[in-house]
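Okay, so here's the structure we're looking at.
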2 protein chains.
Amino acid sequence: MQKTYNIGVEATIEVIGGKWKPVILCHLNHHATIRTNEFRRLIPGISQKMLTSQLRELEQVGLVKRTVYNEVPPRVEYSLTEYGKELEPVLNVLCTWGENHIEKRILDGEDVCLIKSDNEIA
Amino acid sequence: MQKTYNIGVEATIEVIGGKWKPVILCHLNHHATIRTNEFRRLIPGISQKMLTSQLRELEQVGLVKRTVYNEVPPRVEYSLTEYGKELEPVLNVLCTWGENHIEKRILDGEDVCLIKSDNEIA
DNA sequence: CTGTATCCGTGTGGATACTG
DNA sequence: CAGTATCCACACGGATACAG
């Protein structure tokens with residue numbers, strides 16, 4: 001049985017939709033390589049379970065690469081695959097629109113803010 | 001209490017996230033104005049309930065405008081607001097990435113396809 | 001440090017019937 | 001034609017505990 005889509009975005013949502021995947025991918029878009037615990041710091045709201053399950057699914061569709069180092073203590077690093085890097089324009093535009101939207105809401109007097117613990121870590 | 005975000009995309013997802021909102025917005029991005037029943041034809045999978053509820057939420061955040069005409073039979077038209085039109089780059093990139101992803105999967109031998117009942121209706 | 005397993009509440013979303 | 005109101009199932013996702 002054939003799976004059909006009526007508009008391109010349906011396929012996009014199916015792959016990178018949901019509450020956490022876009023966030024995970026955006027961080028990977030900014031950092032090149034991220035360890036598990038770094039994710040838990042970058043995304044304070046996510047649970048262990050969600051983090052691994054979402055990463056596994058992104059791995060399945062070939063967007064994320066998982067690298068395990070046989071060390072003690074164990075070390076696992078995640079990064080975008082070549083195919084995943086094709087998401088860069090998508091992720092950039094999703095991020096910047098959100099930043100602008102937050103700006104707008106601040107100007108509207110809402111009590112929101114953006115904590116950019118993300119960039120310029122090095 | 002202040003609402004905080006750690007990365008811009010979190011705000012984006014909060015507003016246009018979910019299973020249907022991106023699809024609805026993409027269609028509005030293509031058509032300028034859409035009637036309720038046209039939506040139900042463009043998005044065969046959506047239920048009446050979901051369609052109206054998602055449209056209401058998009059109206060709430062100021063992305064979609066709802067126009068009611070006092071006619072018999074009743075006519076309601078939806079369109080993007082000025083602010084909603086700022087989503088255009090986001091929606092375009094979401095659509096085209098999905099189209100390319102479907103292409104890729106077809107080349108990989110998967111039984112999927114994109115039915116473009118969407119454009120060139122006129 | 002990283003990852004699994006389990007339990008369980010809740011929101012999302014579907015089906016149906018009904019109103020203006 | 002457009003929208004509301006119920007009822008209800010299920011998967012999403014959180015909390016916790018445990019394992020390699």
Side-chain angles (χ1 to χ4, degrees), chain A residues 3-7 9-10 12-25 27-28 31 33-61 64-79 121, chain B residues 3-6 9-10 12-28 31 33-61 64-79 121:
Chain A
K3 170 106 198 200
T4 60
Y5 302 90
N6 296 280
I7 189 171
V9 67
E10 291 177 5
T12 310
I13 295 305
E14 198 175 73
V15 176
I16 67 164
K19 189 176 178 180
W20 299 115
K21 292 203 186 86
V23 179
I24 290 173
L25 290 169
H27 283 299
L28 282 173
H31 283 91
T33 169
I34 305 184
R35 297 185 54 175
T36 308
N37 254 8
E38 290 179 315
F39 267 124
R40 293 162 69 65
R41 184 173 47 80
L42 291 170
I43 317 176
I46 202 172
S47 66
Q48 171 77 276
K49 174 188 175 182
M50 278 298 109
L51 180 58
T52 34
S53 75
Q54 302 302 293
L55 282 169
R56 290 292 178 283
E57 289 178 22
L58 292 172
E59 211 185 337
Q60 288 293 322
V61 293
V64 165
K65 186 177 60 180
R66 178 170 181 264
T67 313
V68 182
Y69 296 88
N70 276 328
E71 305 177 354
V72 179
R75 181 165 118 240
V76 179
E77 288 184 349
Y78 296 91
S79 59
I121 291 181
Chain B
K3 170 105 197 198
T4 60
Y5 302 90
N6 297 281
V9 68
E10 291 177 4
T12 310
I13 296 304
E14 198 174 73
V15 176
I16 67 164
K19 188 176 178 181
W20 299 114
K21 292 204 186 84
V23 179
I24 290 173
L25 291 168
C26 277
H27 283 297
L28 283 174
H31 284 90
T33 168
I34 304 183
R35 297 184 55 174
T36 309
N37 255 8
E38 290 180 317
F39 266 125
R40 290 162 69 67
R41 183 173 48 79
L42 291 169
I43 318 176
I46 202 172
S47 65
Q48 172 78 274
K49 174 187 174 184
M50 277 299 108
L51 179 59
T52 35
S53 76
Q54 301 302 293
L55 282 168
R56 292 292 178 283
E57 291 178 21
L58 292 172
E59 211 186 334
Q60 287 293 323
V61 293
V64 165
K65 186 177 61 181
R66 178 170 180 264
T67 313
V68 183
Y69 296 87
N70 275 328
E71 305 176 355
V72 179
R75 182 165 117 240
V76 179
E77 289 185 348
Y78 296 91
S79 59
I121 290 181

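Chain naming here is simple, since letters A, B, ... match the order of the sequence lines and numbering starts at 1 in each.
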query = What is the 5' to 3' range of DNA chain C, first to last nucleotide, that sits under 4.0 Å from any heavy atom of chain A?
reply = C/dC1 to C/dC7
side-chain hydrogen bond (donor to acceptor under 3.5 Å, both in side chains) partners of A/E71, counting only residues at least two apart = A/R75
ask   = Where is the tightest heavy-atom contact between A/Y5 and A/E10, given as atom of each residue plus distance?
value = CA-OE1, 3.4 Å
query = Once each nucleotide of nucleotides 9-17 of chain D is scored for protein heavy atoms under 4.0 Å, what B/S/- sequence comes out, 5' to 3'?
reply = ----BBB--
query = Residues in side-chain hydrogen bond (donor to acceptor under 3.5 Å, both in side chains) with B/E38, at least two apart?
reply = none
query = Which heavy-atom pair separates A/L42 from B/N6 by the least distance, and what is that distance?
reply = O-CB, 3.9 Å
Partner set under side chain to side chain contact (heavy atoms under 4.5 Å, CB included) for A/K19, not counting sequence neighbours = none
ask   = Base, sugar-phosphate alone, or nothing: which one does A/R40 contact when heavy atoms must sit under 4.0 Å apart?
value = nothing
remark   = Contacts of B/V72 meeting side chain to side chain contact (heavy atoms under 4.5 Å, CB included) (sequence neighbours excluded), chain-then-number -> none
query = If you look at every heavy atom in A/L58 and A/V15, which pair is closest and at what distance?
reply = CD2-O, 4.2 Å
task = Sequence neighbours left out, what passes salt bridge (charged side-chain N to carboxylate O under 4.0 Å, His left out) with B/K49? Give chain and number order.
result = none
ask   = Roughly, in whole Å, what's the span from CZ in B/F39 to C1' in D/dA2?
value = 13 Å
inquiry  = According to side chain to side chain contact (heavy atoms under 4.5 Å, CB included), who are the partners of B/I13, at least two apart in sequence or on a separate chain?
reply    = A/P22, B/V9
remark   = Closest heavy-atom pair, B/V64 versus B/Y78, reported as atoms and distance to 0.1 Å, is CG1-CD2, 4.0 Å
Residues which pass side-chain hydrogen bond (donor to acceptor under 3.5 Å, both in side chains) with A/T33, listed by chain and number, not counting sequence neighbours = A/E77
remark   = Residues of residues 66-79 of chain B with a heavy atom under 4.0 Å from any atom of DNA chain D, listed by number, are B/R66, B/P73, B/P74, B/V76, B/Y78
request  = Could you pull out all residues at least two apart from A/Q48 that satisfy side-chain hydrogen bond (donor to acceptor under 3.5 Å, both in side chains)?
outcome  = none
inquiry  = Let me confirm one number: the OG1-CG distance from B/T36 to B/L55, rounded to the nearest 0.5 Å.
reply    = 7.5 Å
message = Angle between the two end axes of the helix from C/dC1-D/dG20 to C/dG20-D/dC1, five base pairs per end, rounded to 10 degrees?
response = 50°
